[in-house]
Amino acid sequence: MSQVKASREQFVVDGDKVIHPPTGTIWTAYPGDPQFSALFMGRLGEALENGDEYDRREAHAVALSLLEERIWRG
């Protein structure tokens, strides 16, 4: 098992959703809200088939940062 650092480049912002494709995790927020309203964990925090494992707190912090930034980008 290899702990992998979650980087901003691994995330996709789609409107009010932030998606982490490597784990299938999705954070959603209400329009204009910087905090998430729902979370689908996907495989975050689990060892993936390739042996990679992403820390939940680290990925969560990146996702929240991206949710906040989407408001300023308008």
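Quick note: numbers below take in every heavy atom, side chains included, and nothing from hydrogens, waters or symmetry partners. As the structure is a prediction and not an experimental result, all values here were calculated from the model.
The heavy-atom pair separating Asp16 from Pro31 by the smallest distance is OD2-CG, 3.3 Å. Residues Pro34 and Ile71 share a closest heavy-atom pair of N-CD1, 3.4 Å. Taking both residues in full, the closest heavy atoms of Ala29 and Ser37 are given as CA-OG, 3.6 Å, listed atom of the first, atom of the second, then distance.
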Note to self: Is there a side-chain contact (heavy atoms from CB on, under 4.5 Å) between Val18 and Ile26? Walk through the geometry before answering.
What the structure shows: CA-CA 6 Å; Val18 174; Ile26 303 170; over 6 Å; no

Margin query: Show, in sequence, the C-alpha distance, side-chain angles and deciding distance for Tyr54 and Gln10, and conclude whether the side-chain contact (heavy atoms from CB on, under 4.5 Å) test is met.
Written below: CA-CA 11 Å; Tyr54 293 86; Gln10 297 168 334; 3.4 Å; yes

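Under the 4.5 Å side-chain heavy-atom criterion for grouping Ile, Leu, Val, Met, Phe, Trp and Tyr, Val12 is not connected to Met41 through any hydrophobic cluster. With hydrophobic clusters built from ILVMFWY side chains whose heavy atoms lie under 4.5 angstrom apart, Phe40 shares a cluster with Ile19. The same ILVMFWY cluster, assembled from side-chain heavy atoms under 4.5 Å apart, contains both Leu44 and Phe36.
No donor-acceptor distance shorter than 3.5 angstrom exists from the side chain of Ser2 to the backbone of Asp52, with no hydrogens or angles considered. Formation of a donor-acceptor pair under 3.5 Å by the Asp55 side chain with backbone atoms of Glu58 is found in this model.
Between the CG atom in Leu48 and the OG1 atom in Thr23 there is a gap of 7.0 Å [rounded to 0.5 Å].
Judged as a side-chain hydrogen bond (donor to acceptor under 3.5 Å, both in side chains), and not counting sequence neighbours, Thr28 has no contacts.
Using a 30° and 60° split on the angle between ring planes, Phe11 and His20 fall in the tilted class, from 30° to 60°.
Note on residues 26-45: pairs passing salt bridge (charged side-chain N to carboxylate O under 4.0 Å, His left out), not counting sequence neighbours, are Arg43-Glu46, Arg43-Glu49.
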Anything under 3.5 Å between a donor and an acceptor, one on a side chain of residues 59-68, the other on a protein residue two or more places apart or in another chain? List them.
from	atom 1	to	atom 2	distance (Å)
His60	ND1	Trp27	NE1	3.1
Ser65	OG	Arg8	NH1	3.3
Ser65	OG	Glu69	OE2	3.4

